[in-house]
Undergrad: 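Structure below; questions to follow.
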Amino acid sequence: MPTELNGTQHLQTPWNKDKIIGQKRPLKLQEVWAIRIRLQLAQQIRELALFNLAIDSKLRGCDLVGLHVSDIAHGHTVMHRAIVLQQKTQRPVQFEITEQTREALTTWIAHAKLKDGQFLFPSRKHASPHLSTRQYARVVECWVISIGLDPSAYGTHTMRRTKATLIYKRTKNLRAVQLLLGHTKLESTVRYLGIEVDDALEMAEQTEV
DNA sequence: CGGCTGCAAGATTTGTCTAG
DNA sequence: CTAGACAAATCTTGCAGCCG
């Protein structure tokens, strides 16, 4: 758009006009735990389930809020693994649901009396299908603020990036990260994580053998 | 009221195409 | 074959306003 007034005022200027935002940062392991504990103590059943699943699934926000109960659970039992078709790329990704996430989800499903065909995170409004990504983003922001981090550096993509980064740091297994994120090519993963290509390919080869 | 949806529009993500 | 360009989908986030 044309006019950019005083860059720092919060009037009605586009939120990111002339601002350099950059990628959203991933959470550190201890930060994940900090948030998790807070939610547990606060008895935030829905948010705890949402948070745990977000970390575990590494799904994009739009895929996460659009999840059905039947995608991750059979009857009253939450599955250990789930396969979801990504909306953006139309490719399936498989992810593991950890113990505590299953617990949180089970509690949430029981608490909200959700049925198989319903959305996992239903909207309050009848006309809307499920929780909006807008609200999800806001919830994430709340989490970040609650543990004293800068909200502008983290977002919903932080959730997606967090586990992938942790796994890469720990195992150096790019191949695994690629599968977990559902990327089609190693190059995409490399670009995403911002790793040197030679470095990455070399590692992938070593891992393959 | 407070939680939530929807919109707008620049930024980021990620599959794919293209040149070297 | 690879890096870079391109494009389509998605994200980010202030703001307005609706619903339970």
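Within every chain, numbering begins at 1; the chains are lettered A, B, ... in the order of the sequence lines, protein sequences first and strands thereafter. All of these numbers come straight from a predicted model, not from anything done at the bench.
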Undergrad: Of A:V139 and A:T184, whose nearest nucleotide on DNA chain B comes first from the 5' end?
TA: A:V139

Undergrad: Starting from P on B:dT14, measure out to NZ on A:K185 and report it in whole angstrom.
TA: 15 Å

Undergrad: Expressed in angstrom and rounded to an integer, what is the separation of A:R134 atom CZ from C:dA16 atom P?
TA: 13 Å

Undergrad: Taking only the side-chain nitrogens and oxygens of A:R46, find out if one of them lies under 4.0 Å from OP1 or OP2 of B:dG3.
TA: no

Undergrad: So, is A:H183 near the phosphate of B:dT14, with a side-chain N or O under 4.0 Å from OP1 or OP2?
TA: yes

Undergrad: Would you mind reading off the distance between A:D150 atom CG and C:dT12 atom C1', rounded to a whole angstrom?
TA: 14 Å

Undergrad: Under 4.0 Å between a side-chain nitrogen and a carboxylate oxygen: does that hold for A:E141 and A:R138?
TA: no

Undergrad: Within this structure, what is the CD-to-P distance between A:E47 and B:dG3, rounded to whole angstrom?
TA: 10 Å

Undergrad: Are the aromatic ring centres of A:F119 and A:H68 under 6.0 angstrom apart?
TA: yes

Undergrad: Between A:L186 (CG) and C:dA3 (C1'), how many Å, whole number?
TA: 14 Å

Undergrad: Does A:S188 or A:H130 map to a spot on DNA chain B nearer the 5' end, using the closest nucleotide for each?
TA: A:H130

Undergrad: How would you label the contact of A:E141 with the nucleic acid (heavy atoms, under 4.0 Å): base, sugar-phosphate, or nothing?
TA: nothing

Undergrad: Which nucleotide wins on minimum distance to the side chain of A:R191, given the candidates C:dT12, C:dC6, C:dC15?
TA: C:dC6

Undergrad: Rounded to whole Å, how long is the line connecting atom NE2 of A:H157 with atom P of C:dT12?
TA: 7 Å

Undergrad: Can you measure from NE2 (A:H111) to CD (A:Q43) and round to the nearest 0.5 angstrom?
TA: 10.0 Å

Undergrad: Report yes if at least one side-chain N or O of A:Q87 is closer than 4.0 Å to OP1 or OP2 of C:dT10; otherwise report no.
TA: yes

Undergrad: Between B:dT16, C:dC11, B:dT5, which nucleotide gets closest to the side-chain atoms of A:L131?
TA: B:dT5

Undergrad: To the nearest Å, how far apart are A:L85 CG and C:dA9 C1'?
TA: 14 Å

Undergrad: What's the closest nucleotide to the A:R160 side chain, out of C:dT10, B:dT14, C:dG14?
TA: B:dT14

Undergrad: Please answer: with hydrophobic residues joined when any side-chain heavy atoms are less than 4.5 Å apart, are A:I147 and A:Y136 in the same cluster?
TA: yes

Undergrad: When we call it a touch if two heavy atoms are under 4.0 Å apart, what does A:R60 touch: a base, just sugar-phosphate, or nothing?
TA: sugar-phosphate

Undergrad: For B:dT12, does OP1 or OP2 lie under 4.0 Å from any side-chain N or O of A:R161?
TA: no

Undergrad: Under 4.0 angstrom, heavy atoms only, what part of the nucleic acid is A:R91 near: base, sugar-phosphate, or nothing?
TA: sugar-phosphate

Undergrad: For the pair made of NZ in A:K58 and P in C:dC11, what is the distance, rounded to whole Å?
TA: 16 Å

Undergrad: Check the hydrophobic clustering (I, L, V, M, F, W, Y; side-chain heavy atoms under 4.5 Å; chains of links allowed) and say if A:I45 and A:L64 are grouped together.
TA: yes

